[in-house]
Chemist: 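Submitted below is the structure of interest, expressed as structure tokens.
Position 1 is the first residue of the sequence, and the numbers go up from there.
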Amino acid sequence: MFENLIDVLKKNPRKIVFTEGTDPRILEASARLKKDGFLTPILIGNEDAVKAAAKAGGFDIEGLAIYDPATCPKMDEMVADMVELRKGKMSAEECKTALSKGNYFGTMLVKRGVADALLGGATYSTADTVRPALQLIKTKPGNKIVSSCFILTRENADGTQEKYAMGDCAINIDPTEDDLVEIAVETAKTAKAFGIDPKVAMLSYSTKGSGKGDSVDKMKNATEKVKALAPSLAVDGELQFDAAVSPVVAQTKCKGSPVAGQANTFVFPDINAGNIGYKIGQRLGGFDAYGPILQGLNAPINDLSRGCNAEEVYTMAIITAALKD
């Protein structure tokens with residue numbers, strides 16, 4: 001999977017900004033990316049502090065760009081840009097205060113085209129990574145929400161690799177029918193970027209009317225809306241998880257479905273189900289989980305776990321940059 005993503009980056013040189021330039025995990029990953037040569041890191045922070053932290057950790061970041069919000073000569077231009085983007089919701093002084101922080105400053109570098117992508121969250125919360133993206137990068141035309149997806153992979157004994165896409169497991173707490181339509185379409189797009197031919201299951205505790213309730217109706221109605229919006233997409237629902245993945249169960253519960261028994265892209269009814277579901281796969285199923293991958297934005301912005309390690313920073317940087325259109 002990563003070989004394919006790296007090939008994309010080799011053919012299309014890109015720059016990724018890290019909002020926490022003094023963090024040892026960020027510096028270790030940046031040094032590795034610099035050595036590999038297919039993706040160029042940009043670091044945010046005081047230049048002396050960043051270089052001192054790199055030296056202390058033995059990380060070679062020589063030649064990488066370091067941007068310090070406190071000394072940036074184009075800060076006035078960036079403030080003016082942000083005032084315009086916020087359309088009266090923030091004063092110039094409020095924008096300057098926001099841009100003094102790495103999360104906003106880094107996001108503005110993406111907005112201005114200095115960087116192609118952003119990866120944050122080693123010390124910032126998810127909200128502090130998503131909020132600047134919503135305010136400055138904004139959602140794609142036709143999209144109303146930002147959603148998330150996890151890619152789960154597992155190497156089998158015969159050398160084959162299983163890959164699945166799961167959304168939304170991290171952002172939208174209780175998505176509406178229309179939210180679920182966006183989540184399904186965007187998760188299918190993310191799946192394709194990882195070499196998955198998406199077969200989308202809209203998950204529920206019910207299969208084709210076997211159960212009743214508002215959440216069942218929500219998944220059923222969302223499925224019909226997805227089919228209308230994206231008629232070429234293989235999607236079906238509402239489906240229980242066993243009907244979605246087991247050909248035997250599918251034959252019993254929903255024979256003739258284009259998805260049941262072979263689903264590889266899963267849309268959950270709410271964040272409880274999604275978050276629990278992907279973590280069961282990760283912890284009990286032996287899958288590696290990559291994400292959350294943010295979807296629906298005009299540029300690739302992704303969030304790290306504050307408990308991440310340098311390897312996770314490195315892999316998420318590759319994923320994030322490779323998702324640029």
Chemist: Quick check on the 6.0 Å ring-centre criterion: do Tyr164 and Phe287 meet it?
Modeler: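 Ring-ring flag for Tyr164/Phe287: true, centres closer than 6.0 Å.
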
Chemist: Quick one: pull up CD in Gln135 and CZ in Arg86 and give me the separation to the nearest 0.5 Å.
Modeler: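 Atom-to-atom, Gln135:CD and Arg86:CZ are 3.5 Å apart.
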
Chemist: Using a strict cut-off of less than 4.0 Å between a Lys/Arg side-chain nitrogen and an Asp/Glu carboxylate oxygen, indicate whether Lys189 and Glu186 qualify as a salt bridge.
Modeler: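 Salt bridge between Lys189 and Glu186, a charged N being under 4.0 Å from a carboxylate O: yes.
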
Chemist: Could you check whether any side-chain heavy atom of Thr265 comes within less than 4.5 Å of a side-chain heavy atom of Lys199, counting everything from C-beta outward?
Modeler: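 No, their side chains stay 4.5 Å or more apart.
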
Chemist: Is atom NZ of Lys225 surrounded by more than 12 heavy atoms (other residues, nucleotides or ligands) closer than 6.0 Å?
Modeler: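 Correct, the count exceeds 12.
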
Chemist: Examine Tyr290 together with Phe2 and report whether their ring centres are nearer than 6.0 Å.
Modeler: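 Between Phe2 and Tyr290, which both carry aromatic rings, the centre distance is below 6.0 Å.
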
Chemist: When you measure from the side chain of Gln262 to the backbone N and O of Pro258, does any donor-acceptor pair fall under 3.5 Å?
Modeler: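 Judged by distance alone, yes, a pair lies under 3.5 Å.
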
Chemist: State, yes or no, whether a side-chain contact exists between Val110 and Val17 at a heavy-atom distance under 4.5 Å.
Modeler: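 Yes; the side chains approach each other to less than 4.5 Å.
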
Chemist: Is atom NZ of Lys34 surrounded by more than 12 heavy atoms (other residues, nucleotides or ligands) closer than 6.0 Å?
Modeler: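 Counting other residues, nucleotides and ligands, NZ of Lys34 exceeds 12 neighbours.
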
Chemist: Salt bridge check: are Glu238 and Lys220 linked by an N-O gap of less than 4.0 Å?
Modeler: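 Looking at Glu238 and Lys220, the cut-off is not met.
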
Chemist: Identify whether the distance between the nearest side-chain nitrogen and carboxylate oxygen of Lys144 and Asp178 falls below 4.0 Å.
Modeler: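 Salt bridge: no.
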
Chemist: Is there a salt bridge (charged side-chain N to carboxylate O under 4.0 Å, His left out) between Arg154 and Glu162 once you walk through the steps?
Modeler: CA-CA 5 Å; Arg154 180 173 67 183; Glu162 289 183 73; 2.7 Å; yes

Chemist: Quick one: do the Tyr314 and Glu28 side chains pair a donor with an acceptor below 3.5 Å?
Modeler: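 No, no side-chain donor-acceptor contact under 3.5 Å.
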
Chemist: Considering only NZ, NE, NH1 and NH2 on the basic side and carboxylate oxygens on the acidic side, decide whether Lys208 and Asp236 come within less than 4.0 Å.
Modeler: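 Salt bridge present between Lys208 and Asp236.
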
Chemist: Regarding Gln295 and Thr187, do their side chains bring together a donor and an acceptor under 3.5 Å, going by distance alone?
Modeler: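 Gln295 vs Thr187: donor-acceptor pair found between side chains.
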
Chemist: Evaluate the side-chain proximity of Asp7 to Phe38: yes if any heavy-atom separation is below 4.5 Å, no if none is.
Modeler: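 No. Closest side-chain heavy atoms not under 4.5 Å.
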
Chemist: So, do Val313 and Leu304 sit near enough that their side-chain heavy atoms are less than 4.5 Å apart?
Modeler: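 Yes, side chains in contact.
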
Chemist: Tell me the closest heavy-atom pair linking Ala92 and Val83, and the distance in Å.
Modeler: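 Looks like CA-CG2, 3.6 Å.
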
Chemist: Between Lys10 and Glu3, is there a salt bridge with N-O shorter than 4.0 Å?
Modeler: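 Judged by the 4.0 Å cut-off on N to carboxylate O distance, Glu3 and Lys10 do not form a salt bridge.
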
Chemist: Under 4.5 Å between any side-chain heavy atoms of Asp270 and Ile173, yes or no?
Modeler: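 Answer no - side chains too far apart.
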
Chemist: Between the side chain of Ser246 and the main-chain N/O of Gly261, is any donor-acceptor distance below 3.5 Å?
Modeler: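 It does not hold such a pair.
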
Chemist: For a 4.5 angstrom cut-off between non-hydrogen side-chain atoms, does Val226 reach Leu180?
Modeler: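 Side-chain contact under 4.5 Å: no.
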
Chemist: Between Arg112 and Asp81, is there a salt bridge with N-O shorter than 4.0 Å?
Modeler: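 Answer for the salt bridge query: yes.
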
Chemist: Charged N to carboxylate O under 4.0 angstrom, Asp174 versus Lys218?
Modeler: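 A salt bridge links Asp174 with Lys218.
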
Chemist: Assess, by modelled atom type and distance only, whether the side chains of Asn156 and Thr160 contain a donor and an acceptor separated by less than 3.5 Å.
Modeler: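 Asn156 vs Thr160: donor-acceptor pair found between side chains.
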
Chemist: Do the side chains of Leu152 and Met166 get nearer than 4.5 Å, heavy atoms only?
Modeler: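 Result yes, sub-4.5 Å side-chain heavy-atom pair found.
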
Chemist: Output yes when Glu224 and Lys227 qualify as a salt bridge under the 4.0 Å nitrogen-oxygen rule, no when they do not.
Modeler: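 Salt bridge present between Glu224 and Lys227.
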
Chemist: May I ask you to test the Pro198-Leu233 pair for a side-chain heavy-atom distance under 4.5 Å?
Modeler: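 When only atoms from C-beta onward are counted, Leu233 and Pro198 do touch, with a gap below 4.5 Å.
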
Chemist: In terms of side-chain heavy atoms, does Asn172 have a donor or acceptor partner in Asp168 at a distance below 3.5 Å?
Modeler: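 Yes - a donor-acceptor pair under 3.5 Å links their side chains.
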
